[in-house]
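Values below: every heavy atom of this structure, side chains too, minus hydrogens, waters and symmetry copies.
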Amino acid sequence: MDQATLDWVLPLAAGLAAVLLILGIKKWYRSRPHRFTGSDGRRYVWHPGYRFTDEEGRAIEDPERIAALTRDWDELHARTARQTAAIQSGRFLGD
């Protein structure tokens, strides 16, 4: 390859590799379990697919409890999104 070709091929390849790395990290992060505190004050673990367990690893099977934990999990993400937007806009005021 001549120098002119390398001048655009190498940065393009590096950029593509960076994008693929970021997407891989994002996919890995979303596919792992996450711990959070439910509205009842107890600690739970969220597994991909909205499956919940308590900290001891026992599955939560009560439909009402699963619905409550799903609301808690969704509220946690909504609150995090609001805080992130506030930080990015330079007006972080807390929750």
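- Hydrophobic clustering (ILVMFWY, side-chain heavy atoms < 4.5 Å, transitive): V19 and I22 are in distinct clusters.
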| query | Taking it one step at a time, do L69 and Y44 satisfy side chain to side chain contact (heavy atoms under 4.5 Å, CB included)? | reply | CA-CA 9 Å; L69 290 173; Y44 294 95; 3.5 Å; yes

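- In terms of heavy-atom proximity, P33 sits nearest to P48 at N-CD, 4.5 Å.
- At least one side-chain heavy atom of T5 sits less than 4.5 Å from a side-chain heavy atom of D2.
- In this structure, the side chains of F52 and E61 stay at 4.5 Å or more apart for every pair of heavy atoms.
- At a threshold of 4.5 Å between non-hydrogen side-chain atoms, the residues W73 and H34 count as touching.
- You'll find the side chain of D62 stays beyond 4.5 Å of the side chain of I66, heavy atoms only.
- Between the side chain of D72 and the backbone N or O of S39 there is at least one donor-acceptor pair closer than 3.5 Å.
- In this structure, the side chains of F36 and V45 stay at 4.5 Å or more apart for every pair of heavy atoms.
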| message | Does R82 form a salt bridge (Lys or Arg N to Asp or Glu O under 4.0 Å) with E75? I'd like the steps, not just the answer. | response | CA-CA 10 Å; R82 286 192 306 269; E75 174 56 32; 3.3 Å; yes

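- Environment of CZ in R35: sparse, with no more than 12 heavy atoms of neighbouring residues, nucleotides or ligands closer than 6.0 Å.
- We find the CH2-CZ distance between W46 and R32 to be 10.5 Å, quoted to the nearest 0.5 Å.
- Summarising the geometry, atom CG belonging to L16 is positioned 11.0 Å from atom CG belonging to L21; distances are rounded to the nearest 0.5 Å.
- Heavy-atom neighbours of E64 CD from other residues, nucleotides or ligands within 6.0 Å: at or below the threshold of 12.
- Looking only at side-chain heavy atoms (C-beta outward), T53 and I60 stay at 4.5 Å or farther from each other.
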